Amino acid sequence: MDRITEVACGVTGEVYSPATLFFDRFEVSNDGGAAVGFGLSVRLAADLKAGLNVLAFLAKVDGRVVHAEREVISKFCQSFAVRYAGDDFDFEGVCSHGCRLAPDAETFFVSIERLTREGAPVGLPALTRRFAGELIAADGIQDPKEFYYGLKLQEALT
């Protein structure tokens, strides 16, 4: 792996250079746990990632991600931290991870299912829906794909 210079996403065209930017998220921490837990329990980290996958999908579905959309993802992470996380929360790691995600439509719908399951953190579906609306509006252009998936999200999280 040390000879790989860059990794390109076949879906979004996003290029990770150096390649370690892509592979770092799969690193194992010194205590044997996954480095991508962000200081959260496994379940809560999975719930956070579901929200991030929804937002990342909506940000990238129109083929480009602008700074304002990254800012919305960052604000989502901040709001999540205030409501659900403790002092060990890795805010910078979460924001970085959220902006690197490249989920497909299947991941989008699976993430919605996770957010709407029995036992999901109270308020997380509404938080995700709120920031999804901000994200769709962030670039000032509502792409037909954003509109379609925004409606699907609204139907599922209402």
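Because the structure is a prediction, the values reported are computed rather than measured.
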Check step by step if side-chain contact (heavy atoms from CB on, under 4.5 Å) holds for Phe108 and Leu153. CA-CA 9 Å; Phe108 173 79; Leu153 180 67; 4.1 Å; yes

Start with the C-alpha gap between Arg117 and Leu115, add the side-chain angles, then the distance that decides, and say whether side-chain contact (heavy atoms from CB on, under 4.5 Å) holds. CA-CA 6 Å; Arg117 79 185 193 293; Leu115 293 171; over 6 Å; no

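The aromatic rings of Phe57 and Tyr149 sit perpendicular to each other, their planes meeting at more than 60°, with 30° as the lower class boundary.
The minimum heavy-atom distance linking Ala156 with Thr116 is given by the pair O-CG2, 3.5 Å. A pairwise comparison of heavy atoms in Leu101 and Ala56 identifies CB-CB, 3.8 Å as the closest pair. Between Phe91 and Gln78, the closest heavy-atom pair is CE1-N, 3.5 Å. Taking all atoms of both residues into account, the shortest heavy-atom contact from Ala138 to Ala68 is O-CB, 3.7 Å. Closest heavy-atom contact between Ala50 and Ser111: O-CB, 3.4 Å.
The existence of a salt bridge linking Lys60 and Glu69 is excluded, since no basic side-chain nitrogen approaches an acidic carboxylate oxygen closer than 4.0 Å. Looking at Lys145 and Asp62, no side-chain N of the basic residue comes within less than 4.0 Å of a carboxylate O on the acidic one, giving no salt bridge.
Here the side chains of Pro18 and Thr5 are not in contact, with every heavy-atom distance at 4.5 Å or above. Residues Val122 and Arg83 are not in side-chain contact: their nearest non-hydrogen atoms beyond the backbone lie 4.5 Å or more apart. You'll find the side chain of Phe109 stays beyond 4.5 Å of the side chain of Asp104, heavy atoms only. Side-chain atoms of Tyr84 and Leu40, non-hydrogen and from C-beta on, never get closer than 4.5 Å to each other.
The line from CD1 of Ile136 to CZ of Phe147 is 9.5 Å long, rounded to the nearest 0.5 Å. Within the model, atoms CD of Glu134 and CG of Leu58 stand 12.5 Å from one another, a figure rounded to the nearest 0.5 Å. Here CD1 of Ile112 is found 14.0 Å from CZ of Arg114. Values are rounded to the nearest 0.5 Å. Rounded to the nearest 0.5 angstrom, Gln142 CD and Asp139 CG are separated by 9.5 Å. With values rounded to the nearest 0.5 angstrom, Asp47 atom CG is found 6.5 Å from Phe80 atom CZ.
By the side chain to side chain contact (heavy atoms under 4.5 Å, CB included) test, Ser96 is found to be paired with Arg100, residues two or more places apart in sequence or in another chain being considered. Residues meeting the side chain to side chain contact (heavy atoms under 4.5 Å, CB included) test with Arg70, sequence neighbours left out: Val65, Cys99.
Screening Leu55, Leu52, Val82 for a side-chain contact (heavy atoms from CB on, under 4.5 Å) with Cys77, the sole residue that qualifies is Leu52.
For an aromatic pair to be called close, the ring centres must be under 6.0 Å apart, and Phe89 with Phe38 fails this.
Side chain of Arg129 to main chain of Leu157: a donor-acceptor pair is present (N/O by atom type, distance under 3.5 Å, no hydrogens or angles). No donor-acceptor distance shorter than 3.5 angstrom exists from the side chain of Tyr148 to the backbone of Asp143, with no hydrogens or angles considered.
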